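Each chain gets a letter, A, B and so on, in the order the sequences are listed, and its residues count up from 1. Every value quoted in this text rests on a predicted model; they were computed, and no experiment measured them.
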Amino acid sequence: MTADRAAESLLALSQQEELVDLPKDYPLSASEDEGDSDEERKHQKLLEAISSLGGKNRRKLAERSEASLKVSEFNVSSEGSGEKLVLADLLEPVKTSSSLATVKKQLNRVKSKKTLELPLNKEEVERIHREIAFNNTSQVLSKWDPIVLKNRQAEQLVFPVEKEQPAFAPIEHVLSGWKARTPLEQEIFNLLHKNKQPVTDPLLTPVEKASLKAMSLEEAKMRRAELQRARALQSYYEARARREKKIKSKKYHRVVKKAKAKQALKEFEHLQKVDPTAALEELEKIEKARMMERMSLKHQNSGKWAKSKAIMAKYDLEARQAMQEQLAKNKELTQKLQAASESEEEEGGTEVEELVLDAVNEAQMNADGLNPWMLRSCTSDAKEGEIQEDPEQLPEPLAHNVSESEDERPVTEEEIVLKEFEKRRSLRKRSELNQDAELRGSQETKDSTSQEVLFELRTLSQKFKESHQSRKQKASSMETVPQVQREEPAPEEEEPLLLQRPERVQTLEELEELEKEGCFQNKELPRPMLEGHRLKKNPNNQTDAPKKKRKEQMIDLKNLLTTKSPSVKSLAVPTIEELEDEVERDQKQMIKEAFAGDDVIRDFLKEKREAVEASKPQDVDLTLPGWGEWGGVGLKPSAKKRRRFLIKAPEGPPRKDKNLPNVIINEKRNIHAAAHQVRVLPYPFTHYRQFERTIQTPIGSTWNTQRAFQKLTTPKIVTKAGHIIKPIKAEDVGYRSSSRSDLSIIQGNPIRLSAHHKKQLKKNSID
Amino acid sequence: MERAPKPGKDVPPKKDKRQAKRKKPRRYWEEDTAPTTDRACPGPPRNKKRNQELRPQKPKNTHILKKPRISKKPQVPKKLRKRTNPEPERNLSGAQDPFPGPAPVPVEVVQKFCRIDKSKKIPHSKSKTRNRLEVAEAEEEETSVKAARSELLLAEEPGFLEGENGEDTAKILQADIVEAVDIASAAKHFDLNLRQFGPYRLNYSRTGRHLAFGGSRGHVAALDWVTKRLMCEINVMEAVRDIRFLHSEALLAVAQNRWLHIYDNQGIELHCIRRCDRVTRLEFLPFHFLLATASETGFLTYLDVSVGKIVAALNARAGRLGVMTQNPYNAVIHLGHSNGTVSLWSPAMKEPLAKILCHRGGVRAVTVDSTGTYMATSGLDHQLKIFDLRGTFQPLSARTLPQGAGHLAFSQRGLLVAGMGDVVNIWAGQGQAGPPSLEQLYLTHRLSGPVHGLQFCPFEDVLGVGHSGGVTSMLVPGAAEPNFDGLDSNPYRSRKQRQEWEVKALLEKVPAELICLDPRALAEVDVISLEQEKKERIERLGYDPEAKTPFQPKPKQKGRSSTASLVKRKRKVMDEEHREKVRQSFEQQKQHKQKKTKPFGAWPSALDRFVR
């Protein structure tokens, strides 16, 4: 029973399976009402028989012998007809039914389709994928090729890659597109407009234009250069001053101070000569400094520091010195001026001056307004020192005072004195002029002329009435006088110099001549033989020889500037050529005789032969005596055998001195130098000649100009310190930014591929 | 740098004349002020002569210059330029540059600086290699053009001496020359009268500013001869054979009777080099910092003065060495021998690089010119010969002199001086490059004693002669190079500059072993086999750095370290090694056979490399 059931269920299951399978592969056909086949029947029978075996739930199926409606819905049997069932036959009667349209369609589709091919192997699929991916990527990447090539060939790469600076737009363009918006800007613009300042195009106001036109280009350039220079000088000066200010060395400052003082003194002296008024001012300054010093207690050793030093002074030498210095300074500053030297006094003007000075002094004594003490000191100083060659050095106010005093006082003897002085002064001036005209005649004539002029002047000066203005005028005119006056003695001094100089030079020359002569005498001593020799050769030389020697003046640095080299007219050459022709033959003969003994040439040839032998590659002799024949003392292997076992060394390259009989060139390699030579070719070269060409130009600065050297030695890659070098982007090179997406794909792809690879690897490992 | 011009009697100095003639140079901005007719034709400027030269266009952006910058065809008409550059560039002022583009450079000058040897054929190369070659060529051209441009800076011209309508220059006396030249140049002619301390040797420093001389009776002095400022003067109380400045004027090498001494410019003895004894001649190689000494004992010694080491002591095997000179081009030392040969030496080689038979008698004097092309020798056979040193070593010209020259010297510009007795003869070449022609005397001078030392002063037209009567400095117009290299040998350099130069020169010191006959050969690829290379390496080092150290058995205790057992152990190891070797060779043979027998049929696959 149970078995029966089991069988039944099994069958049902199988049928169900079929049912499930059916719609998949074949469209469901509802009309399977064909009669049972024999097998079916038999099968049915078998089933019944099996079921009847159980007994109880026996379902009796009536046996059918004719076509009935009851048809198994699951099987289509083509029993009866000899041929196969065609689907179309089945469908024909049910054309009208709409439910079958879809089925038909499906059928059509199935018909039109070929049989599906087998799906590809997994590996192959992957390969295809890879290929496609590779093609895509390489296509995307190929656009970088030119850039890569360019970078490879570039002489220099600079990282980080900088974008090119946009070209500078002219300022007019920039301004034209700009408008004033804020009130401040508007205000400024208003101002500019008021001044007719053109905002856009020429950028120059009419005034400026006019000035530009007025000033030519060259002028402008000159002016600019001048300004530049001035600015540069100023900046230099400033820099220098700043630098000097920073110097902390006391010694340096001391030295500087001293130098300054010296300079000031010098200038003062110079000023005295050139511009006495200015000198006087300077003097006043000094006087003032003295005054200040006297008033203050600065260098009196009464300060805090000085007191402390005073305590130390007992023990400390330096402190003592410092104090002494202070005192000395004080003394120096408070000292009355006695600067000028007596030497500067003039012979001519002294008496006059003294007179004048007296007068002035008196005038000043009476003068009011200025501190009388001061005045006195000043004038007395001047008097004592006699710095003032002329009274004109006195400042204006003094002169004024003088004039003022005149008003008050009656015209007395002083007046007369002054007048006389005036006369003399003008006289001297005239005489000076005359002198110039006469081109400095002798002293006597000068005197005479001066006498004449003096007379004239006296008469003239009588006409003059002393008045304020006239006095003043004269005073001013007199100021010019001293310059001329001072110049006067100079030519007088020069004259003797001029007269003397040639004499001196002459004497110098004479001395030299003397020396020379002595020298030549000395010279003559060691070579009388030589002289004789030359005498024989050409007698005409004889007379010239000593003369010539004298003329052959070696220039000494001493007499280089004072003397001229004397002109030499007579030429005499040590004649060797003449001698040559005569003696040549004899000498050749003599030489031949002299070197007859030692055969230099044969020795040399022998040496060369030896050298050639030594440098020849050696043959290898592999003969073993006694093999295959008798051996022993005195027996030699046969020539045939020797020839057979002799390995001849390959013939080396021909010697360099093969055709040079008088030369032996060493064929040995300089292995120490060879160690420095290139032995391995670098990458792109395939032949050593190619590489040699590229290294033949020297790159050192010794052989090249600086620019060329720098260019030849530029580094291939330059990086900025502290900057990140980002990977190159499409925008950097001028590609569209959209291509970035392509790049991202590229970046994604390799990952995917690698995943594939991993899978495959896993599989392989499992297998 | 005053040159001595020709002694013309009434002709004013050339310079002034030239200056007077010279027009004010025209500036580019002056075109504005030029007449309007000039403006009417803004195209090509007027100057026809200028127009004839082809001006190269501006280089394009490519890094390889395709167009040569040299004006190869000066006759190309102007039209060409006009077409390519229809609108001439105008600058801000509206003025037009009349000479646009870089200035043209003459081809010959550029050729002078080209160094790539194109005579050697190279095999056809791939594009990548070709690219490199092109780059190298472009680079060479560019640098040579730049160098040619900078020739403009060499403003000085060499002096010269010309006789008036066929007058023989040899008849012109020193006094004439002195009279003709300016005072500064005239001051360069002087005579030091030093009879007391015998014949003098002398040497100028490399800058030509300083002069050192040593008398054979011990008098040594160094002075700045231009200003005549004496640096030092000493008596070394010993015979002085030779004297030479080292790299700068601060150091002085004196070959004394016994040893070599080195003094500084104060005359203080710094070193006494006893390894160089009985030195007869000194020679200093400035770029290698080598002091070469030739001694009576027949040794040529190289002393590296920068480190104080003796680099090489070579035995010349030719007796006393009394004649020596250096080749300034390749720093090879030339020694003259008594058998009439001149041998060429380098410190790297124990044997002479070359030996030349020059004279039948002994060689008395040798000198080499500054380009290293010519060597002049004089021998006991009274011959004076000039040899070509460029590979052939053949005499170019020879002349018999009545007395034979005892001393020879070349000047920087190729003048040859020979001292014969108390006469000094100078020969000059026709052109700049040629050897001096011995037919025509250029100058001659008689001294107060027999000549003992000769040297032309560098960068000054002056010849220094040391003789028994002292030292004479005579004027030889056209002797020296008028333009000096301010970075290398600057006569006017200050102390600081000298010190700086010293450091730089030391940094650029050339190793002594690089001295060879052809210095350009160092820029060639050394094509030798690996075996030879190995052999040379062993020879150079003196040992084989890759050699295995022989087995040394360790000492063992308990009587197992007896001599016999030690030998046994040694033998064991040796045998083992031998066996191993034999095994290896067998295997190799087998492999070899297999390789031979393997048929050539199937192509090897690329994947074969993964087969293990």
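- In this structure, chain A has no heavy atom under 4.5 Å from any part of B:Asp488.
- The local environment of NZ in A:Lys658 is sparse, with at most 12 non-hydrogen atoms from other residues, nucleotides or ligands closer than 6.0 Å.
- Taking NZ from A:Lys656 and CG from B:Leu517, the interatomic distance works out to 7.5 Å, rounded to the nearest 0.5 Å.
- Counting heavy-atom pairs under 4.5 Å between each of B:Ala348, B:Ala136, B:Cys358 and chain A puts B:Ala348 at the top.
- The part of B:Leu353 that comes within reach of chain A is its backbone (N, CA, C, O), which places non-hydrogen atoms under 4.5 angstrom from that chain.
- Screening A:Ile664, A:Val663, A:Asp657 for a side-chain contact (heavy atoms from CB on, under 4.5 Å) involving B:Phe393 leaves a single residue, A:Val663.
- Contacts of B:Pro352 with chain A are made by backbone atoms alone, with heavy-atom separations under 4.5 Å and no side-chain atom involved.
- Of the two parts of A:Ile699, neither the backbone nor the side chain holds a non-hydrogen atom closer than 4.5 Å to a non-hydrogen atom of chain B.
- Closest heavy-atom contact between A:Asn670 and B:Ile515: ND2-O, 3.4 Å.
- Nearest approach of B:Glu140 to A:Thr697, heavy atoms of both residues: CG-CG2, 3.1 Å.
- The distance from the CG atom of B:Leu357 to the CG atom of A:Leu660 is 12.5 Å, given to the nearest 0.5 Å.
- The shortest non-hydrogen separation linking B:Lys355 to A:Phe604 is O-CZ, 3.8 Å.
- In this structure, the separation between OG1 on B:Thr341 and CD on A:Glu607 is 7.0 Å, given to the nearest 0.5 Å.
- Taking NZ of B:Lys120 as the start and CD of A:Glu692 as the end, the distance is 5.5 Å to the nearest 0.5 Å.
- For the options A:Val678, A:Asn704, A:Ile671, heavy-atom pairs under 4.5 Å to chain B are most numerous at A:Ile671.
- For CG of B:Leu541, the number of neighbouring non-hydrogen atoms (other residues, nucleotides, ligands) closer than 6.0 Å is greater than 12.
- B:Ala521 touches chain A through its backbone: at least one of N, CA, C or O sits under 4.5 Å from a heavy atom, while the side chain does not.
- For a residue to count as touching a neighbouring chain, one of its non-hydrogen atoms must lie under 4.5 Å from one of that chain's; by this rule A:Glu667 does not touch chain B.
- Taking both residues in full, the closest heavy atoms of B:Asp526 and A:Arg679 are given as O-CG, 3.4 Å, listed atom of the first, atom of the second, then distance.
- Of the residues considered (A:Arg669, A:Arg707, A:Lys608), A:Arg669 shows the highest number of contacts with chain B, using heavy-atom pairs under 4.5 Å.
- Across B:Arg132 and A:Pro684, no two heavy atoms sit closer than the pair NH1-CG, 3.4 Å.
- In this structure, CZ on B:Phe113 lies 9.5 Å from OG1 on A:Thr705, to the nearest 0.5 angstrom.
- With a 4.5 angstrom heavy-atom cutoff, A:Phe709 does not touch chain B via any of its atoms.
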Can A:Asp603 and B:Asn339 be said to form a side chain to side chain contact (heavy atoms under 4.5 Å, CB included), step by step? CA-CA 9 Å; A:Asp603 289 350; B:Asn339 59 357; over 6 Å; no

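- Chosen from B:Arg130, B:His359, B:Arg537, B:Met349, the residue pairing most often with chain A at heavy-atom distances under 4.5 Å is B:Met349.
- Within the model, atoms NE2 of A:His687 and NE2 of B:His124 stand 14.0 Å from one another, a figure rounded to the nearest 0.5 Å.
- Looking at B:Glu151, there are no atoms closer than 4.5 Å to chain A (heavy atoms on both sides), in backbone or side chain.
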Could you walk me through whether A:Asn662 and B:Phe387 pass the side chain to side chain contact (heavy atoms under 4.5 Å, CB included) check? CA-CA 11 Å; A:Asn662 66 330; B:Phe387 286 83; 4.1 Å; yes

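- A salt bridge links A:Arg693 with B:Glu137: at least one charged nitrogen is closer than 4.0 Å to a carboxylate oxygen.
- In the displayed structure, B:Arg115 atom CZ is contacted under 6.0 Å by more than 12 heavy atoms of other residues, nucleotides or ligands.
- Across B:Ile116 and A:Gln696, no two heavy atoms sit closer than the pair CA-OE1, 3.3 Å.
- Annotation: maximal heavy-atom pairing with chain A below 4.5 Å, among B:Glu539, B:Glu139, B:Glu536, B:Lys121, occurs at B:Glu536.
- Only the side chain of B:Arg520 comes within contact range of chain A, judged by heavy atoms closer than 4.5 Å.
- Both the backbone and the side chain of B:Thr143 come within less than 4.5 Å of a heavy atom of chain A.
- Only the side chain of A:Phe691 comes within less than 4.5 Å of a heavy atom of chain B; its backbone N, CA, C and O stay farther away.
- Within the 4.5 angstrom heavy-atom criterion, no atom of B:Phe287 approaches chain A.
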